[in-house]
Amino acid sequence: GQQVMQIPQYQHVQEGEDFTTYCNSSTTLSNIQWYKQRPGGHPVFLIQLVKSGEVKKQKRLTFQFGEAKKNSSLHITATQTTDVGTYFCAGPNHTGTASKLTFGTGTRLQVTL
Amino acid sequence: DAGVIQSPRHEVTEMGQEVTLRCKPISGHNSLFWYRQTMMRGLELLIYFNNNVPIDDSGMPEDRFSAKMPNASFSTLKIQPSEPRDSAVYFCASSLFLSDYNEQFFGPGTRLTVL
């Protein structure tokens with residue numbers, strides 16, 4: 001079945017440093033979604049990328065979808081303590097009339113002053 | 001607009017007891033998902049429904065787990081009998097399946113502890 005892996009599993013940075021998490025799928029994806037889960041919270045949707053090579057920005061966050069639509073990355077510039085949490089990528093798996101998401105293994109980000 | 005509602009938020013029970021988790025999806029959404037999250041196994045999809053019909057239950061760990069969706073506004077996940085290894089956070093999520101756009105909205109989760 002479809003597998004989605006993320007690296008690194010964990011990263012600890014000083015506030016102000018940059019951070020990148022990478023996502024790789026075993027199959028070609030029609031789109032990729034990113035979610036953020038704060039400690040003790042639930043996953044919250046951040047963004048969806050659809051086109052090959054697409055790049056989208058949300059303030060300090062930059063999301064990229066690979067040309068082959070099998071990988072993606074999330075880059076955070078100048079991290080802040082509010083960026084703490086686990087970041088998940090997720091790829092859809094359609095059955096025709098319905099769709100589920102396969103979530104990646106997640107990257108936990110810790111930011112300290 | 002209320003988001004996905006789950007109850008209870010916390011549940012502590014003893015091994016062998018029956019546990020029922022409840023979920024109310026966002027009104028108008030046609031897909032509902034049950035996930036389990038643990039440190040060891042991450043976020044696992046247990047089962048999902050589309051238009052109240054179970055589509056894929058391949059993630060349900062064993063026969064002790066069952067899920068129902070009697071109508072578009074309510075779903076339950078039942079564990080009978082419960083075991084300590086079932087301790088986890090259980091999330092319910094809903095979405096409106098529209099072709100390729102299917103953002104999922106998660107509830108706050110139920111933290112289950114089986115002693």
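The model shown is predicted, which means the values in this text are computed figures rather than measured ones. Quick note on labels: first sequence line is chain A, next is B, and so on, each numbered from 1.
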- Message: Glu17(A): which residues meet the side-chain contact (heavy atoms from CB on, under 4.5 Å) condition with it, sequence neighbours left out?
- Response: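 Checked Glu17(A) against side-chain contact (heavy atoms from CB on, under 4.5 Å); matches are Val13(A), Gln14(A).
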Would you find more than 12 non-hydrogen atoms of other residues, nucleotides or ligands less than 6.0 Å from [X] atom [atom1]?
| X | atom1 | answer |
| --- | --- | --- |
| Glu18(B) | CD | yes |
| Phe74(B) | CZ | yes |
| Glu15(A) | CD | yes |
| Gln9(A) | CD | no |
| Arg111(B) | CZ | no |
| Asp63(B) | CG | no |

- Task: Heavy-atom distances under 4.5 Å only: say whether Asp56(B) touches chain A with side chain, backbone, both or neither.
- Result: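 Answer is side chain: those atoms of Asp56(B) sit under 4.5 Å from chain A.
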- Taking all non-hydrogen atoms of both residues, which atom of Tyr48(B) and which atom of Ser99(A) are closest, and how far apart?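 Closest approach of Tyr48(B) to Ser99(A): CE1-O, 3.8 Å.
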- Query: Closest approach of Phe103(A) and Gln104(B), non-hydrogen atoms and distance?
  - Reply: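 Scanning both residues completely, I find the closest heavy atoms to be CE1-OE1, 4.3 Å.
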Are [Y] and [X] connected into the same hydrophobic cluster when the rule is that any two of I, L, V, M, F, W, Y join if their side-chain heavy atoms are below 4.5 Å apart?
| X | Y | value |
| --- | --- | --- |
| Met15(B) | Val19(B) | yes |
| Leu109(A) | Val84(A) | yes |
| Leu46(A) | Val111(A) | yes |

- Query: Would Gln37(B) and Gln37(A) count as having a side-chain donor-acceptor pair, cut-off 3.5 Å?
  - Reply: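 Looking only at side-chain atoms, Gln37(A) and Gln37(B) do form a donor-acceptor pair, the distance falling under 3.5 Å.
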- Within a strict 4.5 Å, meaning less than it, do heavy atoms of the Val89(B) and His42(A) side chains meet?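 Counting from C-beta outward, Val89(B) and His42(A) never come under 4.5 Å.
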- Rounded distance (nearest 0.5 Å) linking atom CG of Leu101(A) with atom CG of Leu45(B):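 Rounded to the nearest 0.5 Å, the CG-CG separation comes out at 9.0 Å.
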- Query: How long is the span from the OG atom in Ser95(B) to the CD atom in Gln33(A), to the nearest 0.5 Å?
  - Reply: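 Reported to 0.5 Å precision, the distance equals 8.5 Å.
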- Item | Residue-level interface, residues 52-63 of chain A with chain B, non-hydrogen cut-off under 4.5 Å |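 Contacts with chain B: none.
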- Pick whichever of Tyr35(B), Phe49(B), Phe105(B) has the most heavy-atom pairs under 4.5 Å with chain A.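 If we count pairs closer than 4.5 Å to chain A, Tyr35(B) comes out on top.
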